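What follows is a set of notes on a single structure, which appears directly below.
Quick note: numbers below take in every heavy atom, side chains included, and nothing from hydrogens, waters or symmetry partners. Just so it is clear, the model here is predicted, and its values are computed rather than measured.
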Amino acid sequence: MGTEFQQEQERVDSVMETITEQISKLEGEATRRRNEVVDFRKYFWDDVKVNTDTFDDYLETIISLRQQAQNLSITQSTHKQAFNKLSALRRMQEVPYFGRIDFTEEGTSNAERIYIGVSTLRDTSGENFLIYDWRAPISSVYYDSPPGPAKYSTPGGTIHGMLEQKWQYIIHGGVIESMFDTSLTIGDEILQQVLGKGTDKHLHSIVATIQQEQNLIIRHDHKRLLIVSGAAGSGKTSAAMQRIAYLLYKYRESLRADQIILFSPNAMFNSYVSTVLPELGEENMQQVTFQDYLNHRLSDTFQIENSYEQLEFVLTASNTSSYQARTASIRFKASPLFFEAIKAYRESLELSGMLFKGIKFRGKPIVTAEQVTDRFYSSDTSLRFYSRIEKLVEWLTEQVDETEKHELTEPWVQEEIELLSNEDYQKARTLLQKQQGFTEEMLDNYESETEALGRLIVRKRLKSLRKQIQSLHFIHMKGIYKQLFTDPTLIKQWIEGKTPDKWDDICLLSVKMLDEGKLYYEDATPFLLLKELIQGFQMNSSIKHVIVDEAQDYSPFQFEFLKRLFPAAKMTVLGDFNQAIFAHASETGDFHTLTDLYGPDKTDMITLTRSYRSTKPIVEFTRRLVTGGESITAFERDGEPPVLTQLEDYAELHRSIASKIADLRHQQYNTIAIICKSAAESMIAYEALKNVDEIKLVKKGSTEYEQGIVVIPAYLAKGIEFDAVLIYDASAQVYGDESVRRLFYTACTRAMHYLQLYSVGEPSPFLCNMDQEIFLP
């Protein structure tokens, strides 16, 4: 082993020399290219002959401009390529590679040593690979195969051979610290080291420790929809980020980062995952929350509740008079049944029920709402629904045209002409010359000028009206949606079976909310769906891939909507139904319902049951909190069992937490979270603990994942991990209802190394059946 270790170190030394040489060469090239770009921009116009005297001169100018722009684009692209390669080489200076396979291809007699790292490296001749990118086809053997017969897929077909050996390296600064001979999975020694480290404010690349089941997710590429159902801490999000990097590598000629979009749970999570792709030399994809999209589409019409405000109501308002109706509303409006009801309602509008707004100009009606309705239901009823809307737009535009002609003779037009300032008058004349082709002579004629200015003024005043017609603002969407709830008996014609639970109360609540100009979160997607079914979908065909994280929090409405919104995209959804904390979760079942989205033949599901985030004692504890938790297996990483401490009152609780924080800090824990049930409880905890040095309160609007000590609601902590977690109050009073079991599980599974639970009074019933040995005495 000593001789082989020395040989491997000599190879690392040689590779490091090559990296240093290439960095030196590229630094000069990148500087030269950057200077070329600067010079191009600085002297762009010096090399362009601008002449518009004749058409030929004008054409020559356009051609010259285009050539210069193309040259600039090529130079910028070359500079970017050099810069990106330079960035990759600098990353490789710290860790040039992390793995090796000895592979004998079928038909050959000698094993080739394949070294694997985060980026490709060739020797100085450019012909031989010193390091293969982890995303290269042959690298899949490293993640998927034990020694023995192995194969990997390439664009030219499947390559078969024999995997002789598989090695892992821990290299820092060009020095091999250790190397391991591994078998089926990536060696536990390295994974132990990686998982045993403290957290920081960002998620990091896992390419050196990708497990076989995670590699299936990363390289999956043959179905329209990939569903990843994984236990807390199973590496779903990490695998998804590596998947994006893999897709960008494999399809680098046809796929850009801005054609991939990640729907994440909140802005803080976006910050948490923001460094993974740059670590791998890739640009970040687009990141957005579904709430962002709802706000973008509807906030100019309604005051929209967000998902966390809805959840806060569910967690804290159980004593209010509207609670039962509201929770019933949340569950029903997220259900597939209501989705079908919306579609059936829209179909019924072809015969009756459409509501429109009248159109006025200067306080006088052009057409009334009744006239628009009569026109819609009396003309061209054989046409498709959207075509009837288009015909209505044409008719309304004609009515505005007629109004324009009539208004030209009205006294107010002459008054506005006379009130024009000199500046506005000159602007109007210039506009008439450019747009209408009027000459100076024509405008100097009083009658011609007055008529032209009048037409310009009327047209300008009618412009917003025409725009509203084209934007279909004359359709009374709010009224049409409200119509669903004005008569509780109407719902029966659009759904099969009995009336929904508490439907009369739901209708009263919905009408009241709409009358106040508000839209509850559970109504936002149904309202938008109905609007799109009536007005036509606003689709985005440029997006090629959609990633949905924390997918268990999305309703069937939202998935159907995403499918329609991105018609050209493949989709990867990741989640854990044991963390389905929203009130509609019981209506959505599990991820098997998602197979209907594109059909079973276009859908694959991968289930991850092994948890890597937490120590084995923490996983052994948390898996007993949920039904089916026995299928979750822990990675063999030892640690302290969770601790349950029962206290008499909150004063004692706060003293105990402050003392525990001091102890954990002394043990060098980087991130410590005091996790609460709700934002309301988080505020109480923060106010009591704010004298603790550097403690921070995380709110729903937080955009940055904070390091150090944080007080945070459980629902904002989803998807994030902490070195140590303190459950603020795990008492029966706080976590006594079965509806919050998953929330409690989510809070506990945030802990990597240490979990402490406090209970003011009797502990939660979720803890009552635990074996005593799970907790420290």
task: Start with the C-alpha gap between Cys748 and Leu755, add the side-chain angles, then the distance that decides, and say whether side-chain contact (heavy atoms from CB on, under 4.5 Å) holds.
output: CA-CA 7 Å; Cys748 294; Leu755 176 61; 4.0 Å; yes
Between Trp167 and Tyr142, does the side-chain contact (heavy atoms from CB on, under 4.5 Å) criterion hold? Intermediate values first, please. CA-CA 9 Å; Trp167 288 84; Tyr142 173 73; over 6 Å; no
inquiry  = Test ring-ring contact (aromatic ring centres under 6.0 Å, His included) on Tyr152 and Phe103; report intermediate values, then the result.
reply    = CA-CA 11 Å; Tyr152 62 94; Phe103 186 75; 5.8 Å; yes
Go through the steps for Tyr754 and Lys660 under the test side-chain contact (heavy atoms from CB on, under 4.5 Å), then give the verdict. CA-CA 11 Å; Tyr754 185 84; Lys660 178 56 67 177; 3.1 Å; yes
Exercise. Determine, stepwise, if the pair Thr154 / Ile138 fulfils side-chain contact (heavy atoms from CB on, under 4.5 Å).
Key: CA-CA 8 Å; Thr154 73; Ile138 194 170; over 6 Å; no
Next item on the list: Output, in order, the C-alpha distance, side-chain angles, deciding distance and verdict of salt bridge (Lys or Arg N to Asp or Glu O under 4.0 Å) for Lys250 and Asp221.
Entry: CA-CA 10 Å; Lys250 183 174 181 180; Asp221 201 25; 3.2 Å; yes
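Ion pairing between a basic and an acidic side chain is recognised when a charged N comes within 4.0 Å of a carboxylate O; Glu694 and Arg665 show such pairing. Using a 4.0 Å cut-off between charged side-chain N and carboxylate O, Arg100 and Asp102 make a salt bridge. Taking 4.0 Å as the cut-off between side-chain N and carboxylate O, Glu620 and Arg623 count as a salt-bridged pair. Salt-bridge check for Arg113 with Glu8: passed, with a basic side-chain N closer than 4.0 Å to an acidic carboxylate O. Between Lys718 and Asp553 there is a salt bridge, since a side-chain N of the basic residue sits under 4.0 Å from a carboxylate O of the acidic one.
Leu262 has its side chain out of reach of Val288: every pair of non-hydrogen atoms, C-beta onward, lies at least 4.5 Å apart. By the 4.5 Å heavy-atom criterion applied to side chains, Met162 and Pro149 are counted as neighbours. Taking 4.5 Å as the limit, some side-chain heavy atom of Pro96 sits within range of a side-chain heavy atom of Ile171. Residues Leu767 and Leu625 meet the side-chain proximity criterion, which asks for heavy atoms closer than 4.5 Å. Lys151 has its side chain out of reach of Ile159: every pair of non-hydrogen atoms, C-beta onward, lies at least 4.5 Å apart. Residues Leu89 and Leu26 meet the side-chain proximity criterion, which asks for heavy atoms closer than 4.5 Å. Leu697 is not listed as a side-chain neighbour of Val710, based on a closest heavy-atom distance of 4.5 Å or more. Side chains of Val228 and Leu226 form a contact here, defined as non-hydrogen atoms less than 4.5 Å apart.
His222 NE2: more than 12 foreign heavy atoms inside a 6.0 Å radius.
Rounding to the nearest 0.5 Å gives a distance of 10.0 Å between OG1 of Thr572 and CD1 of Ile227. To the nearest 0.5 angstrom, Thr158 atom OG1 is 5.5 Å from His160 atom NE2. Within the model, atoms CZ of Phe263 and OG1 of Thr289 stand 8.5 Å from one another, a figure rounded to the nearest 0.5 Å. Going from atom CD of Gln93 over to atom CD of Gln22 covers 11.0 Å, rounded to the nearest 0.5 Å. Taken from CD1 in Ile674 to NZ in Lys696, the straight-line distance is 11.0 Å, to the nearest 0.5 Å. In this structure, Ile260 CD1 and Leu247 CG are separated by 5.5 Å, a value rounded to the nearest 0.5 Å.
Gln286 places a side-chain N or O within donor-acceptor distance of the main-chain N or O of Asp258, the cut-off being under 3.5 Å. Although no hydrogens or angles enter the test, the distance criterion places no donor-acceptor pair under 3.5 Å between the side chain of Ser659 and the main chain of Ser656. Side-chain atoms of Ser140 come within 3.5 Å of backbone N or O of Pro137 as a donor-acceptor pair. At least one donor-acceptor pair under 3.5 Å links the side chain of Arg243 to the backbone N or O of His220. No donor-acceptor pair under 3.5 Å is formed between the side chain of Ser611 and the backbone N or O of Ala634. The closest donor-acceptor contact from the side chain of Glu640 to the backbone of Pro617 lies at 3.5 Å or more, if one exists at all. Under a 3.5 Å cut-off, the side chain of Ser24 and the backbone N or O of Glu21 do not form any donor-acceptor pair. The backbone N or O of Asn670 sits less than 3.5 Å from a side-chain atom of Asp723, completing a donor-acceptor pair. Between the side chain of Arg750 and the backbone N or O of Ile720 there is at least one donor-acceptor pair closer than 3.5 Å. Without hydrogens or angle criteria, Thr18 side chain to Ser14 main chain gives a donor-acceptor distance under 3.5 Å.
In this structure, Tyr249 has its ring center at least 6.0 angstrom away from the ring center of Tyr246. Two rings, from Phe129 and Tyr115, have their centers 6.0 Å or more apart.
Side-chain atoms of Thr237 and Asp549 form a donor-acceptor pair, as typed in the model, at a separation below 3.5 Å. Judged by distance alone, the side chains of Gln552 and Glu550 do bring a donor and an acceptor atom under 3.5 Å apart. When only modelled atom types and interatomic distance are considered, Thr615 and His753 share no side-chain donor-acceptor pair under 3.5 Å. Residues Thr645 and Gln756 have side chains that bring a donor and an acceptor to within less than 3.5 angstrom of each other. For the residue pair Tyr143 / Lys166, no side-chain donor-acceptor distance below 3.5 Å is found, with atom types taken as modelled.
Closest approach of Ile672 and Leu664 over heavy atoms only: CD1-CB, 3.8 Å. Smallest separation of non-hydrogen atoms from Ala569 and Ile543: CB-O, 3.5 Å. The two atoms that bring Ala239 and Ile217 nearest to each other are CB-CG2, 4.2 Å, heavy atoms only. Of all non-hydrogen atoms in Ala730 and Phe744, the two that sit nearest each other are CB-CE1, 3.7 Å. Nearest heavy atom pair, residue Ala232 against residue Asp576, reads N-OD2, 3.4 Å. Heavy atoms only, all atoms of each residue included: Asp13 and Gly174 are closest at OD1-O, 4.0 Å.
Ring planes of Tyr97 and Tyr169: perpendicular class, angle over 60° (limits at 30 and 60°).
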